[in-house]
Amino acid sequence: MFITSRITVLAAALPAVYGTTVKSPTPPMGWNSYNHYNCQPNETIIKQNAQGLVDLGFRDLGYNIVTVDCGWAATTRDEQDRLQWDKETFPSGPEALGDFIHNLDLKFGLYSGAGYRMCGLPDTPASLGYEEIDAQAFADWGGDTLKYDNCYSTSPTEMVDVTSPESQSPDRFITMEKALNQTDRDMQYFLCQWGIGQNVPDWTAPLGNSWRMSNDIFNAWRALWRIVNQAVPHVQHTGPGAFADLDMLIIGLNALSVEEEHFHFGFWSMLKSPLIIGGVLVEAEIPASSLEVMRNEEVIAINQDPLAKAAALVIRYTEEEWDVWAGPLSDDRMVLGIANWKNETQTVEVDLSLVGVSSAASRDVWAHEDGSISGVQTFELKPHELRLLVLSDIETTEKPSSIAYYSVQDATVGGQAALVDCGADDCLPNHLKVGSINADASVTFEGVSSAHSGEIFVGIDFINYEYTHTIGDWATNTRNMTFAVNDNEAKRWAFPLAGGDWYETGRLMVALDGFVAGDENTVVFSGFDDGHWAPDLVGLEIFE
């Protein structure tokens with residue numbers, strides 16, 4: 001099987017200071033005040049939820065960080081230019097609050113920003129220009145972690161700027177990392193850079209324990225689709241001490257159904273995102289079903305697996321609205337996720353050869369049931385269900401083998417579509433792509449081989465960096481493209497982000513019908529609808 005990738009030298013060129021802050025071998029876990037309390041926390045709220053981590057059993061499951069997000073700071077620094085805590089909302093001060101949290105055997109999580117002001121608080125100073133002073137204060141207060149945000153990066157008056165070089169630059173985050181390392185206190189560093197700019201994981205993964213790779217989650221099911229599609233190219237950078245952060249959990253906030261909360265928690269776990277609770281940890285104020293979801297030890301174990309490898313998208317069925325995801329676990333096991341994005345029950349068939357499995361023992365971590373799977377396995381999925389299985393005792397098989405690869409240099413380009421020479425290190429494997437594909441454009445491959453008639457697996461090499469930062473209700477971070485085989489009806493496919501820029505190739509595996517055995521097949525790619533671009537196209541690989 002041909003796998004595309006992009007080699008970058010940026011990480012090698014970064015300062016050697018990277019990696020000296022404390023890094024956790026598995027994703028961080030804990031609680032954060034923002035999702036429920038926004039920028040209006042207070043001392044009582046923080047203590048109540050810290051105690052809730054203990055009383056509700058979360059601390060013993062690994063949720064050990066209590067983070068005070070925006071809203072703790074006073075609007076002025078003191079005469080030594082040190083940040084001050086708001087005395088009305090936090091009358092005991094940070095040292096006493098830290099002691100309370102530490103006495104519960106929990107970590108004290110702090111928050112600031114790499115700009116002029118803290119997010120959501122136009123009158124509250126952040127840490128830009130005061131990094132050494134603030135880092136020492138965080139250490140003096142007994143802080144164990146720092147979430148470092150990206151608001152007001154270029155101006156004291158503009159909260160969100162995602163396009164300027166300053167807002168996308170690693171420099172401000174590097175400056176704080178250096179300052180933290182000049183103190184005598186160990187601290188985990190959580191970057192909240194939002195994933196803006198090009199090739200963000202190249203510098204965030206070595207710098208921070210985690211990096212936020214999207215705009216904020218919001219309280220709706222559709223937010224999961226947006227974030228998951230953006231996470232696709234980040235999973236390859238995930239490993240011990242470096243975790244792509246899909247944002248805090250919205251479980252227990254009356255935003256999702258029970259099945260959707262399973263889906264949310266299961267996806268965050270298998271993608272190795274930090275698991276940061278955003279709900280109220282008071283038993284009377286959070287549904288029992290939500291507590292059960294977040295206390296599922298088998299799902300937590302997937303997230304905390306010592307390999308720390310994220311699952312990846314294996315195959316997508318766009319119009320049918322389901323995906324298959326898989327990733328390695330320790331002890332020669334595998335996590336397999338079959339995701340039903342559809343608001344209806346459906347029965348799907350998963351060809352396990354795509355993940356190199358002939359047969360395996362399976363453990364359904366939501367149902368807590370053992371079973372077995374083999375060959376082409378059938379699953380009946382409830383609406384918005386993520387069937388999450390841990391596979392063990394795996395009997396392997398060869399993955400589908402390649403018949404031929406077709407580069408866009410062999411295609412006929414029509415309409416607005418245009419062939420682009422990307423240069424020696426980009427648009428792998430052949431350094432070319434076709435861009436500007438709209439509904440009136442086409443990319444036609446003729447003489448395509450197929451080993452048999454009917455449906456076959458096809459790997460589509462594409463480029464999409466249509467990162468939509470605005471939280472807009474229907475933002476998806478996908479681009480759509482249609483394929484038509486041998487004049488059959490065209491079918492739509494939704495492509496996630498491919499990589500960190502418009503020259504990094506990704507691979508989407510699909511199942512295309514309509515092929516005829518032999519070497520005379522025609523495949524036509526086009527945009528899906530007027531006013532929207534398709535992803536750029538690099539090539540396709542035909543499998544047996």
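Everything numeric in this text was worked out from a predicted model, so none of it was measured.
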Q: Please work out which of the three classes, parallel, tilted or perpendicular, describes the rings of Trp225 and Trp341, given edges at 30° and 60°.
A: perpendicular

With sequence neighbours excluded, what pairs up with [X] under the side chain to side chain donor-acceptor pair (under 3.5 Å) test?
| X | answer |
| --- | --- |
| Glu321 | none |
| Asn303 | none |
| Asp216 | Arg212 |
| Gln193 | none |

Q) Is there any side-chain hydrogen bond (donor to acceptor under 3.5 Å, both in side chains) pair reaching into residues 264-276, and which pairs are they, with sequence neighbours excluded? A) none

Q.
Run the side-chain contact (heavy atoms from CB on, under 4.5 Å) test against Pro240 and tell me which residues pass, sequence neighbours left out.
A. Ala308

Q: Return the set of residues passing side-chain contact (heavy atoms from CB on, under 4.5 Å) with Ser24 (not counting sequence neighbours), or none when no residue passes.
A: Pro28, Gln188, Asn209, Phe243

**Q.** side-chain hydrogen bond (donor to acceptor under 3.5 Å, both in side chains) evaluation trace for Gln198 with Asp501
**A.** CA-CA 5 Å; Gln198 294 189 348; Asp501 58 35; 5.6 Å; no

Q) Would you say Ser167's side chain and Asp161's backbone share a donor-acceptor pair under 3.5 angstrom? A) yes

Q: Could you tell me whether a side-chain N or O of Asn150 sits under 3.5 Å from a main-chain N or O of Trp194, the two making a donor and an acceptor?
A: no

**Q.** Sequence-distant partners of Glu385, salt bridge (Lys or Arg N to Asp or Glu O under 4.0 Å), two or more places apart
**A.** Lys382, Arg387

Q) Got a sec, which residues hit salt bridge (Lys or Arg N to Asp or Glu O under 4.0 Å) with Glu446, two or more places apart in sequence or on another chain? A) none

Q) What pairs meet the salt bridge (Lys or Arg N to Asp or Glu O under 4.0 Å) rule with one or both residues in residues 296-316, with sequence neighbours excluded? A) Glu298-Arg363, Asp305-Arg333, Arg316-Asp323

Q: Name all pairs fulfilling the salt bridge (Lys or Arg N to Asp or Glu O under 4.0 Å) condition that reach into residues 508-524, sequence neighbours left out, sorted by first residue then second.
A: none

Q) Is the cationic atom of Arg492 (NZ for Lys, CZ for Arg) positioned less than 6.0 Å from the six-membered ring centroid of Phe528 and within 45 degrees of its normal? A) yes

Q: Identify whether the distance between the nearest side-chain nitrogen and carboxylate oxygen of Glu541 and Arg507 falls below 4.0 Å.
A: yes

Q) Under the ring pair (Phe, Tyr, Trp, His ring centres under 6.0 Å) rule, what pairs show up with a residue in residues 420-450, not counting sequence neighbours? A) Phe445-Phe525

Q) If you take all heavy atoms of Trp502 and Glu466, which pair is closest and at what distance? A) CZ2-N, 3.6 Å

